2 protein chains.
Amino acid sequence: MAKAGVSSQLVREGAGRSGATKQILVEAAIETLKAKGFSGASARAIADQAGCNQALVFYHFGSVVNLLLAALDDVSNSRFERYSTALDQASTPTELVDVAADIFRKDLDAGYVTVLVEMIAGASSIPGLGPEVSTRIAPWTQFASRAISATLGDSGLGSMVPASQAAYGIVALYLGLEMLTHLDGDRAPALALFDHARQLAVLFQNLGGSPGTTKPKEAR
Amino acid sequence: MAKAGVSSQLVREGAGRSGATKQILVEAAIETLKAKGFSGASARAIADQAGCNQALVFYHFGSVVNLLLAALDDVSNSRFERYSTALDQASTPTELVDVAADIFRKDLDAGYVTVLVEMIAGASSIPGLGPEVSTRIAPWTQFASRAISATLGDSGLGSMVPASQAAYGIVALYLGLEMLTHLDGDRAPALALFDHARQLAVLFQNLGGSPGTTKPKEAR
DNA sequence: GTCTATACTTGGATAGAC
DNA sequence: GTCTATCCAAGTATAGAC
């Protein structure tokens, strides 16, 4: 919009100011995916959201799909970072559920998981997109697997259901809850599920789920 | 393609023959949604799949979205019918998991859930589509709720987690597993989860989950 | 790097012949 | 009911001015 004046100089700043059009486009792509879905995320719609020109999408990313993948990368990275620090605070199943519920609620409101869902669903439409998306989803499952192992890997349940497979289910549940929540615009049912999951976690701990390493704090 | 010869007469047959172009278009829409996703399900693509003309989409359904909704209706009805008969065979949690796993595997291979997923994800793109899709998803949750109530509604777990909320989670999991399976083209992880769910169901029954009404057959 | 302009393609939808 | 032909809107992508 406002001309830079500084001729042909790269302006590198962390946030807000112009110059980092690439990042602005990525953020606009995220917003557009959230608001209009995959098939609504055209170069024109994204550029409109970004407040810049449609041609810049192709200049910076080569194609719309590449921009969308960059958006997925951005979301994945930022979420992954956040999750990792949050995980360090959880050592018992109950704490894990608490942390997961807290993260889920914030992600739900922020619409981050919508980006994943739309990209996964949209992958059917474009040849070759599937593997690209799959690669970017993998860290989520791995993270969930680590989290599960860390909190109840040594318990009886952990030996029955391998962490990696439980993680697969958790990620699936995460995606499915996002879909339903987004569809109905009502996050209450999903959040209620986390309340019950917490109750079950408490029950599980009290039943002597993990007697060896960590003493359950919430025991009867 | 081959002209009917019978002038201006409605040919009503259950399957296969021409005349019921509407139904052919519906089935083509389902196939196209499965193969190319929501944003790939254009009037031209569907008509191509149906082997008929693109204008017929608008003649019979008025718009592409209406056809897609008709396709969703078709899938929902046929699945709902199938599930209802299958449910009658299950009275214990273990049997429920068995039935659910069997249904899920067949649906997965047939790609029926893909239609739901694509329509839910695509609902973001088109104003007003969300509620329409939501209405057609509701029976699935209701069905799951009934199934859960019927098998473990009277158990201790049933009193902890209301059936309607558990059903919400099950449907979400169902959708999420479909997404991941479809994305990776590998149904093994999802099927493995059902194996573990069955183990847990057996364990649950043996722990005296539902001692009152139905005697667990698989008890130690 | 960013804009305007434009070429090209695809898709939704309608009109009219058969 | 089905087809051809067509219009129009929207999308991808590129060329070239600034």
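Residue numbers start from 1 in every chain, and the chains themselves are labelled A, B, ... in the order their sequence lines are given, proteins ahead of strands. Everything quoted here is computed from the prediction, not taken from an experiment.
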**Item:** Closest heavy-atom pair and its distance - B:Phe61, B:Ala70
**Value:**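 Minimum heavy-atom contact is CE2-CB, 3.8 Å.
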Spacing between [X] atom [atom1] and [N] atom [atom2], to the nearest angstrom:
{"X": "A:Ile24", "N": "C:dC3", "atom1": "CD1", "atom2": "P", "answer": "10 Å"}
{"X": "A:Asn53", "N": "D:dC18", "atom1": "CG", "atom2": "P", "answer": "16 Å"}
{"X": "A:Phe58", "N": "C:dA5", "atom1": "CZ", "atom2": "P", "answer": "18 Å"}
{"X": "A:Lys22", "N": "C:dT2", "atom1": "NZ", "atom2": "C1'", "answer": "15 Å"}
{"X": "A:Tyr59", "N": "D:dA17", "atom1": "OH", "atom2": "P", "answer": "17 Å"}

**Request:** Could you tell me whether A:Lys106 sits above the aromatic face of A:Tyr112, with NZ or CZ closer than 6.0 angstrom to the six-membered ring centre and within 45 degrees of the axis?
**Result:**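 Not satisfied by the 6.0 Å and 45° rule.
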**Message:** Any base atoms under 4.0 Å from B:Ala55, or only sugar-phosphate, or nothing? Heavy atoms, all strands.
**Reply:**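 Result for B:Ala55 = base.
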**Request:** Describe the nucleic acid contact of A:Val64 in one word from base, sugar-phosphate, nothing, applying a heavy-atom distance below 4.0 Å.
**Result:**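 Sugar-phosphate, backbone atoms only, no base.
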**Asked** Of the nucleotides D:dC3, C:dG12, C:dC3, which has the atom closest to the B:Arg44 side chain?
**Response**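 Of the options given, the side chain of B:Arg44 lies nearest C:dG12.
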**Request:** Identify which nucleotide among C:dA13, C:dG12, C:dC3 has an atom closest to any side-chain atom of A:Leu56, counting heavy atoms from C-beta outward.
**Result:**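 Comparing C:dA13, C:dG12, C:dC3 against the side chain of A:Leu56, the answer is C:dC3.
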**Non-hydrogen side-chain atoms of B:Thr181 and A:Tyr168 separated by less than 4.5 Å** =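 Answer yes - side chains close enough.
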**Prompt:** Do B:Glu81 and B:Asn77 touch side chain to side chain, with heavy atoms closer than 4.5 Å?
**Reply:**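 In short, these two side chains do not touch, never coming nearer than 4.5 Å.
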